[in-house]
Amino acid sequence: MAAVREAEFAALQSLLRAPSRDAVRQLCQQCFSSPPAGLAALAQRVCLSLAPGPEEAEQLVFALHNLTRHVVYHGLTKAEDILSLFPENFHQNLKSLLTKIILENISAWRNEAQASQISLPRLVDMDWRVDIKTSSDSISRMAVPTCLLQLKIQEDVALCGSSPVVSALTVELNKETLDTMLEGLGRIRDQLSAVANK
């Protein structure tokens, strides 16, 4: 998620025309929950009283959407971190109000964002065993250990409805293939650790 631009902060100044703090709070919640494609309609429905024209209303809604999404996706949970996003010359009371509203809603918004994501299937369970073939049409494949790896995978709940589908995938790996897979998983672990430590 890109950083909030200076022009977007200028558009947020239109919130000073809001009739109450609750109106600002409600608009923040609507802007976060609306998909980008629905922001123009939200601007026409809600913000015309806050902005001089429809273009300014749209800019306000997009700016508020980007600000709330930026805070949630970057995991900013401290008031100082959110306040540091605003430019120096931004209206002090409005800055404090927006920060307070974001902090009040961040947990719910994070849950909403996670629930609305379409994700890849999840690994639910894994089982493995080592087998030694005792009969084969080729003598070179006899008494060779192989690993049978069974992965239980759950489809994304958003795609399959209320009852998630769990399927099993079984693969047979020889020593070389298993070594390659373990080496690749080790690299993935190292990259995830490096990203988590930043």
Side-chain angles (χ1 to χ4, degrees), residues 1-122 154-164 191-192 194-198:
M1 176 124 275
V4 186
R5 297 186 306 267
E6 189 75 28
E8 292 175 329
F9 283 113
L12 290 175
Q13 300 278 4
S14 298
L15 290 171
L16 292 170
R17 296 189 193 99
S20 68
R21 291 173 182 235
D22 287 335
V24 175
R25 182 175 284 108
Q26 185 178 5
L27 183 59
C28 287
Q29 291 168 341
Q30 291 173 329
C31 287
F32 181 86
S33 298
S34 295
L39 291 176
L42 178 64
Q44 290 178 358
R45 223 177 40 245
V46 176
C47 294
L48 288 178
S49 63
L50 300 176
E55 187 176 313
E56 290 83 2
E58 206 168 294
Q59 290 171 352
L60 169 61
V61 169
F62 277 96
L64 206 47
H65 176 81
N66 288 344
L67 175 64
T68 55
R69 294 278 171 148
H70 178 84
V71 170
V72 170
Y73 290 125
H74 285 88
L76 305 179
T77 56
K78 295 179 184 165
E80 307 84 54
D81 296 336
I82 298 170
L83 289 169
S84 70
L85 295 174
F86 292 91
E88 293 280 329
N89 60 350
F90 195 83
H91 192 278
Q92 194 63 35
N93 291 342
L94 182 57
K95 183 192 317 187
S96 298
L97 176 63
L98 288 172
T99 301
K100 181 181 175 195
I101 291 169
I102 290 169
L103 287 173
E104 287 172 358
N105 291 287
I106 195 160
S107 179
W109 288 346
R110 188 178 302 118
N111 292 338
E112 182 181 330
Q114 289 172 344
S116 68
Q117 288 181 338
I118 294 178
S119 63
L120 296 172
R122 282 190 19 222
Q154 179 180 341
E155 294 297 327
D156 184 16
V157 177
L159 297 176
C160 60
S162 59
S163 59
Q191 287 180 5
L192 287 174
V195 169
N197 291 333
K198 285 186 177 181

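Hydrogens, waters and symmetry mates are skipped; everything else that's a heavy atom, side chains included, is used.
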If you count every heavy atom of other residues, nucleotides or ligands that lies below 6.0 Å from [X] atom [atom1], does the total exceed 12?
| X | atom1 | answer |
| --- | --- | --- |
| R17 | CZ | yes |
| K95 | NZ | yes |
| E55 | CD | no |
| Q13 | CD | yes |

For [X] versus [Y], what's the shortest heavy-atom pair and its separation?
| X | Y | result |
| --- | --- | --- |
| T68 | C28 | CG2-O, 4.4 Å |
| T77 | R110 | CG2-NH2, 3.4 Å |
| A11 | L60 | O-CD1, 3.5 Å |
| Y73 | A113 | OH-CB, 3.8 Å |

Separation of [Y] [atom2] from [X] [atom1] (nearest 0.5 Å):
| X | Y | atom1 | atom2 | result |
| --- | --- | --- | --- | --- |
| L27 | D22 | CG | CG | 12.5 Å |
| S84 | E80 | OG | CD | 9.0 Å |
| E104 | T99 | CD | OG1 | 11.0 Å |

Test item: [X] side-chain N/O and [Y] main-chain N/O as donor-acceptor pair under 3.5 Å:
| X | Y | answer |
| --- | --- | --- |
| H70 | N66 | no |
| S33 | Q30 | no |
| S34 | C31 | no |

Check whether any side-chain heavy atom of [X] sits under 4.5 Å from a side-chain heavy atom of [Y], and report yes or no.
| X | Y | value |
| --- | --- | --- |
| L67 | I102 | yes |
| N105 | Q29 | yes |
| L97 | L15 | no |

Could you walk me through whether L103 and K100 satisfy the side-chain contact (heavy atoms from CB on, under 4.5 Å) test, starting with their C-alpha distance in whole Å, then the side-chain angles of each, then the deciding distance to 0.1 Å, before giving a yes or no?
CA-CA 5 Å; L103 287 173; K100 181 181 175 195; 6.0 Å; no
Mind telling me whether F90 and F9 have parallel, tilted or perpendicular rings, with 30° and 60° as the class edges?
perpendicular
Residue that, paired with I106, satisfies side-chain contact (heavy atoms from CB on, under 4.5 Å) out of N111, I101, V72:
V72
I would like to know whether L98 and F86 meet side-chain contact (heavy atoms from CB on, under 4.5 Å); could you show each step before the answer?
CA-CA 10 Å; L98 288 172; F86 292 91; 4.0 Å; yes
